[in-house]
Chemist: 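What follows is a structure written as C-alpha cells; I'll ask about it next.
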Amino acid sequence: MNMLKSWRYPMSWPVFRFDDRLLLIFIATIVGICSGLAAVVLNRSLIAILDYLRPFRNFWWAFILPAVGAALSSFFLDKIVKEGAGHGVPEVIYSVSRYGGLLRMRSSFSRLISSCLTIGSGGSAGPEAPVVMSGASIGSNIAKFFALNDRQRVTLVGCGAAGAISSIFNAPIAGMVFSLEVILGEWSALNIIPIAIASVTGTEISRLLQGNQIPFSHRQFNIDLISILSCLGLAFFCAGASILLTRMLSTTNQISNRVALPVWFRAAIGGCAVGIIGLFLPVVLGEGYHSIRTMIEGTFSQGIAIAALAFLAKTVATSLTLGWGGSGGIFAPCLVIGSLSGLVYHRFLVLLWPFVSWVDEGCYALVGMAGLISGMLQAPLTGIFLIVEITGSYEVIVPLIIVSAISTSLCHYIEPDSFYLKDLVSKGHLLRLGTDARVLKDLSVLELLEKDCITVKQSLLLRDFINIVKKSHRNYFPVEDEETGNFLGMIHLDVIRQYLFNPGMYDAVFLGQIMDTMVEIVNPDDDLSEVLRRMDTKGLYSMPVVANNKFIGMVSKATLLDQYRKELMVQTSR
Amino acid sequence: MITMELKIDEVARCLDIPVNTVERWIRQGRIPIHKRGNDCIFKESILKKWASTHNLLFSLGDEDTKKHQELPLENLLPVMQRGGVFYNVTGDDVTTALKSAVDCIFSLSLNTKEELCQRLVERENLTSTGIGKGVAIPHPRIPLLEVEKNPLIITCFLEKPVNFKAVDDNPVFVMFILLSASVKFHLHLLSRLSFCVRDDGFVDFLRTSPDSTEFFSRIAHFEKQLDKAETII
C-alpha cells in the first residue's frame, strides 16, 4: 500500500533511497524509450509528408511549398505553442546551465511538428536538433514527474538528448558523446552511465521499429598515406565552410530581424527563396540524406562546377531557412554541406593532379561531414563518432580524427563559441558548473545576508549611541525612521570615530545628522556579479541590503568569499 | 546505519551554512539529503563523509556547543563575596603588604600563594597598581591557572597606609587583589571597580574600614547604577 502511494516518489523506495545511481539508470531507460519513440515518430512523419508532397514537386509553383511550410511552422511556434523560433538546442543548453534542466512539457512536441512542416515542405534544415529538444524535454518532464532534484534532472535531460540522437541516427555512441560534449558539457561517472543506457535504449527502439540499417553504408575504402595527407587540406576547407555557414546564418538572421514583418511572413519569404533555389538545384531541399547517400556511394555524377554551386546553394538555402524563421536543426545541413565540400575538394585534387590515384570520392565526402559537424558544433568527438557510426566505416578513423581535430581548432580560433553556444555566450547565459559565473549565479544575496547589525533610530543622541557601539560587533549601523521603519542611511564607525571621543558632541548631534544617506544599497534579488562589480568600482567591502525600504542585513566580501568557496567545493568535487 | 531526521534549520546549523543554501543544495541535488516536507532525511555517516570530502564542517553539535558556550560575565558583588574582606592587613612596604594579604586567601594552596605573591610583586615592579586616592588594585600580569573558573577579588584594608608609588603618591590604605581567569573577565571587573573608586564619597567611606555587609551593599548599589546605564539605549 505504501509502495503504491509513493510510486511517484521513487527516491523514497528502499532500493533507491540513498544511492540515486540505480534510480537514474532505471529512469534513463524510460527516457531512452520515450525519446527514441519521438525520434521514430518524427522520422516516419517526415517520410510521410515527403511522400505526400512528391507529386507536387514537379509543378512550376513548387517553390511555394517551402514558403507555406515555413510560414505554417513559424505560425505554429509563435502563436499556438508560443515558443521561440529556431531548433531548440541553445534553449536546452541554457535550461541545463541555469534552471537545472527545467523544460516545458509542450517543448516535447512543438519542435517536432514545426520542423516536420519546415523540412517536409522542402526547407533546408535537419530533424535532429528538434528531436534533441523534444527528447530533452521528455527527460526533464519525466524527472519532474518523479520529483527528482536538479542534478538528476540535468542527467535525464542529457539522457533524452542522447536517446533521441541515438535513435534518429541509429548511432548509440554518437548520441552519448553529443549529449555529454554539447548538451551537458560535463563528463562525470554519474552522468555517463545513465546516458549510455538511454542511448542504447533509444537505439534499440529505433532498431525494433525501423530495422537495423546503417544510414549511409558504402563499400570499403582503401586509404593510403597520400590520401591521409590530402585530408589536411580538406580540414582547412571544412573549417572555412563551417565559418562561412555560421556567419551566413547569423547575418541572415540579423537581416531578417530588421525586417518589420510578422514572423510567419518572414519565414514564408525565406522558404520561398529556398524553393526558388530548389527549382534549379533540388539537392538543397529537405534534410538531404538522399544526396549524401549518392555522394558517399560515388554516384554523384555532376562535375566540379555543379558540386561547388550546390555547396554554396545549400549554405545559402540553410541560412535562408533557419535565419528567416524556419524550424529545424543544423545537423543534416552540416552533413550535406560537409559531403559536398568533400566532393568539391576531391574533384579539385583530381583536376590538379589527375595522375595520382586518389581514394574514392565517397571517402572525402564522409570525412568532410565530420569536418563540418566538428567545426560547427566545436565538438570533435561528436563528429568522429557520428560519422563512424552512420557510415559504418571504421577504416577512415585516422583521416576523420585529423580533419575533426583541425577543423575544430581552426573554427575555435576564428569563432570562439560554437554555433549552438554563440547566442548564449553573448548574452552571458552559458553557465557551466564550477565556473565563476555559475557560482555567483547560484548564490543569492539572501544566502550571504549578515544579520548581526544593530539598527538604530535616527533621533538617537550620540551619547546614547555610544552605549550601542559598546555592544556591537560591527562597524556599520543602519539608521531607520522610528515611525515607518524605513531605511534612511548608514553610520560607519570609521567616519564618526573622532567625534565619539569628544564629549562636547554627545548631546549636540543626533544620528539623523551624521548618517551617510548616499549609501549604495543592494536589493535581495540583485545579481551577485553585479553587486561585486559595484563593490569593486566604489571600493566597498560591504553594502546594506534593503527590501521594500526596510533594512534586512549586510552583504560583505568576507562572507561572500566564505560561501563562494563552499559553493565552489560542492560544485566541483563529487 | 542510522537514518536521521532533522529539521532543515537544524541541518543548516550543523553545517554552519544559511538555510537558503541548504534548501538550494537539496533542490539541486548537491547534498546527500532527501527531503520530505520540512524534514531532512539522511544517513549520518554518509553526510559526514560527504562533508569531509567537501571540506565542510558537520557536527550534530550537542557536545560541542556546550564547550564553546562562554561563561557569563560575573559582576563585582559575587566575585568580591567569594574573595572576602580582610582588615588590619600588616606590612611596611609593597612586598610585605602583598605577602600578608595573599596569606589571607584560604582557597589557595601554599605553592600557589608563593607564586601569586611573586607575580604580584613582579607586576608592581612594572608599574604601580596604585590608582590614586589611596586605592591599589594589584593583579598578576598573566592569569593564574588555579582561579580558572572563578575570578576573585580580595579586599584588604591595611593596618597602616603603605607607599605604593601610586600615580598621585598617596599612600595606599586599601587593596583589591584581582585574580581572574581571562583578559575579558579582568577588563570587565577592573572597569566596574574603577567606576566605584571614581566616586570620592565611596573612597571616604572606604577609609572608615567599613563592615563587610555595609561594604557589599554599597557595591550592590553601584552595580545597579552600572546595569541601568548599560541597558539604556
Side-chain angles (χ1 to χ4, degrees), chain A residues 6 9-14 16-20 24 99-102 143 147-155 190 433 438 442-451 454-457 460-461 463-471 524 553 559 562-563 565-574, chain B residues 1-5 8-9 11-12 14-37 39-58 70 73 184 187-188 191-192 195 225-233:
Chain A
S6 64
Y9 299 97
M11 277 302 278
S12 58
W13 299 357
F16 300 138
R17 192 120 175 213
F18 290 106
D19 198 347
D20 60 355
L24 278 181
Y99 299 110
L102 214 54
L148 301 183
N149 61 39
D150 288 11
R151 185 178 53 73
Q152 294 161 328
R153 195 185 313 122
V154 163
T155 308
L190 270 171
L433 266 188
R438 176 64 182 270
D442 271 358
L443 288 171
S444 65
V445 171
L446 289 179
E447 288 175 52
L448 304 173
L449 216 54
E450 298 162 357
K451 291 179 179 152
I454 302 175
T455 320
V456 290
K457 308 275 187 242
L460 200 71
L461 284 175
R463 177 183 296 284
D464 301 321
F465 178 62
I466 285 168
N467 279 324
I468 295 173
V469 174
K470 275 184 198 166
K471 281 189 193 157
T559 324
D562 192 34
Q563 287 293 321
R565 183 166 164 266
K566 282 178 184 167
E567 189 66 34
L568 196 65
M569 284 188 297
V570 171
Q571 283 195 10
T572 48
S573 60
R574 293 222 168 231
Chain B
M1 279 193 283
I2 330 139
T3 311
M4 295 199 60
E5 274 186 42
I8 193 152
D9 51 331
V11 175
C14 291
L15 284 165
D16 193 26
I17 47 178
V19 178
N20 314 4
T21 310
V22 181
E23 270 173 353
R24 181 166 55 76
W25 281 355
I26 294 176
R27 179 161 46 77
Q28 294 181 330
R30 301 235 169 93
I31 188 168
I33 290 180
H34 170 57
K35 217 178 146 191
R36 189 195 292 148
D39 289 339
C40 298
I41 302 163
F42 58 91
K43 282 188 180 165
E44 196 188 338
S45 59
I46 289 183
L47 196 59
K48 273 206 169 130
K49 201 175 153 204
W50 176 86
S52 75
T53 52
H54 291 85
N55 281 332
L56 294 170
L57 290 174
F58 175 78
E70 282 182 25
L73 286 175
K184 207 171 163 186
L187 287 175
H188 173 72
S191 105
R192 285 188 159 232
F195 176 81
Q225 280 183 347
L226 277 167
D227 289 340
K228 212 166 138 196
E230 271 178 18
T231 46
I232 290 175
I233 290 177

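Not measured: the values here are computed from a predicted model. Quick note on labels: first sequence line is chain A, next is B, and so on, each numbered from 1. Computed from heavy atoms alone, side chains included, the values below leave out hydrogens, waters and symmetry copies.
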Chemist: As an exercise, state the distance from CD of A/E567 to CD of B/Q28, rounded to the nearest 0.5 Å.
Modeler: 6.5 Å
Chemist: Does the side chain of B/W25 reach to within under 4.5 Å of the side chain of A/N149, using non-hydrogen atoms?
Modeler: no
Chemist: To the nearest 0.5 angstrom, please state how far the CZ atom of A/R565 sits from the NE2 atom of B/H54.
Modeler: 12.5 Å
Chemist: Using non-hydrogen atoms only, which part of B/I31 is less than 4.5 Å away from chain A: side chain, backbone, both, or neither?
Modeler: neither
Chemist: Checking heavy atoms, do the side chain of B/R27, its backbone, both or neither come under 4.5 Å from chain A?
Modeler: both
Chemist: Under the rule for side-chain hydrogen bond (donor to acceptor under 3.5 Å, both in side chains), what residues qualify as partners of A/Q563, not counting sequence neighbours?
Modeler: none
Chemist: So how far is it from A/K566 NZ to B/L57 CG, rounded to the nearest 0.5 Å?
Modeler: 7.5 Å
Chemist: Measure distances from A/L443 to the heavy atoms of chain B and classify the residue's part below 4.5 Å as side chain, backbone, both or neither.
Modeler: both
Chemist: State, with a plain yes or no, whether a side-chain heavy atom of B/R30 is found less than 4.5 Å away from one of A/Q571.
Modeler: yes
Chemist: Counting only heavy atoms not in A/D562 (residues, nucleotides, ligands), do more than 12 fall under 6.0 Å from its CG?
Modeler: yes
Chemist: How long is the straight-line distance from OG1 of B/T21 back to CD of A/E447, given to the nearest 0.5 Å?
Modeler: 3.5 Å
Chemist: Do you know which of A/L446, A/L449, A/V445 makes side chain to side chain contact (heavy atoms under 4.5 Å, CB included) with B/N20?
Modeler: A/L446
